[in-house]
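Letters A, B, ... mirror the listed sequences (proteins, then strands); counts begin at 1. The shown structure was predicted, so the numbers you read here are calculated from the model rather than taken from an experiment.
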2 protein chains.
Amino acid sequence: MQTIPKELVLKKFPTLEDSLLDELLAESTLKEVGEGEEVMRSGQYITSTILLLRGLLKVYREDDEGNEFMMYYLEAGNACAMSMMCTARNEKSQIMVKAVTDAEVLLVPSHLSELWLGKYKTWHNFVIASYRQRFEELLQTLDSIAFKGLDERLLFYLKSHVKVSGNEVKLSHQQIANELNSSREVISRLLKKLEQTGAITLHRNYIEVHDLTIV
Amino acid sequence: MQTIPKELVLKKFPTLEDSLLDELLAESTLKEVGEGEEVMRSGQYITSTILLLRGLLKVYREDDEGNEFMMYYLEAGNACAMSMMCTARNEKSQIMVKAVTDAEVLLVPSHLSELWLGKYKTWHNFVIASYRQRFEELLQTLDSIAFKGLDERLLFYLKSHVKVSGNEVKLSHQQIANELNSSREVISRLLKKLEQTGAITLHRNYIEVHDLTIV
DNA sequence: TAACTTCAGTGACTCTTATCACAGAGGGAT
DNA sequence: ATCCCTCTGTGATAAGAGTCACTGAAGTTA
């Protein structure tokens, strides 16, 4: 097991109280994951809560029939709310977490995470805040799927991608189609239209984003 | 203000500890709402958490552009997770809560609800459990919107309606269309198809459900 | 009973998205 | 250069869902 950089934890999770931090450092394990690696896969039992120290993760959900869609990005300083939820019920996960960039995660054993809810006020605030934030995001996603056309959703997707990882969106049309639950051809066509407005420029394997507000 | 029936509260919320129950009875207000009435409307500031003592409520969400869709039914013994969430941020609600049947709700002032999170372990368990449950339901809804056709969603909708209020679904096609974000004609046609399978019988203003599993 | 109002059924048409089929284009690897 | 493989572009076609226009049916009210 590697030593956990206390400085970093302190910096990324400033709201957590001191005694909790000590326990956190003592009891949790540090894991490094490389770009594209899976942090957690669908079907496993969830035994830890995930705290993200560095890097960027992507959280997917998979339903009974194998359909999958992205729920949200997880940035450093956040916890995976889904892992906390499932944890509680001792269920198999229906979620998949993948590293978008190289990343460091802190794995907190589930039983401790539960215990701390009662023991540390800052922890339970942290957990509740996480729930709320994800809930809100989920509602956003729901809104957009329920009410918007694919064109708007694509725009929304590109925006969120730019926000977390810059103006070179390194994705193939196929990958985008998968995440939006559509098909490549359709995405290609929509992207083409976007290119014609001047908002983006298409390349092989990546998209150069100029300005998505003009559309 | 009416007196709150302690027996009922005790029965519907058995997990709450005794001292909390006393405070709850002392500090919250009881409100009776008639069938069809709005308990909370979109755009108001949320100043209380809603606990449902008796009856059935329906929780909708409304987005910026005025689109609305049903999030879940709330049965006696449950709390409205949405009201707890919004509460925390002192935001205007984007939710609308309507009584499906006559109902009695307990309104807990927001600041108390927040305070109790730290003070009563059973309260924070209760709150966290509510979040989890709603989160799960929301994911269900998301799945079905993202991956299912309207026919399956209609089926799902009818099932959930039957579960909470019996085999006579007292809704017009128009109402169903609204809640599924579709249009009356389309719903009419789908219902007609369902009728032809023998699963339901259509009437004016209500639908008689025989067996939805056979479809 | 007659007039009115709300619900439900149906055909014709349009729009969006999905699917199929295929043609290039861009970049390795040999 | 040549071969190969993945990614992208495009037309044709089809399915699902929304819209429009209109008819009839069931209740309600006067």
Rounding to an integer number of Å, can you tell me how far A:Leu194 CG sits from D:dT8 P? 15 Å
So A:Asn205, base contact, sugar-phosphate only, or nothing? Heavy-atom distance under 4.0 Å. sugar-phosphate
Report the distance from atom CZ of B:Arg184 to atom P of D:dT19, rounded to the nearest whole Å. 12 Å
Rounded to the nearest angstrom, tell me the gap between atom CD in B:Gln174 and atom P in D:dG18. 12 Å
What is the distance, rounded to the nearest whole Å, between atom CD1 of B:Ile145 and atom C1' of D:dG16? 16 Å
Scan B:Leu202 against the nucleic acid and name what it touches under 4.0 Å (heavy atoms): base, sugar-phosphate only, or nothing. sugar-phosphate
A:Tyr206 to A:Lys170 - nearest heavy-atom pair and separation: CB-CA, 3.9 Å
Does B:Arg132 use its side chain to pair, donor to acceptor, with the backbone of A:Met84 at less than 3.5 Å? yes
Nearest whole angstrom, please: distance from the P of C:dT17 to the CZ of A:Arg153. 9 Å
Would you kindly check whether a donor in the side chain of B:Arg189 faces an acceptor in the base of C:dT10, or vice versa, at under 3.5 angstrom? no
Which part of the nucleic acid does A:Ser183 contact within heavy-atom distance under 4.0 Å: base, sugar-phosphate only, or nothing? base
On the nucleotide D:dT6, are OP1 or OP2 found under 4.0 Å from the side-chain N or O atoms that A:Ser172 carries? no
Can you tell which of D:dT19, C:dT6, D:dT10 lies closest to the side chain of A:Glu185? D:dT10
Once rounded to the nearest 0.5 Å, what's the spacing between atom CG of B:Leu51 and atom CZ of B:Phe13? 4.5 Å
Rounded distance in Å - NZ (A:Lys192) to P (D:dT10): 6 Å
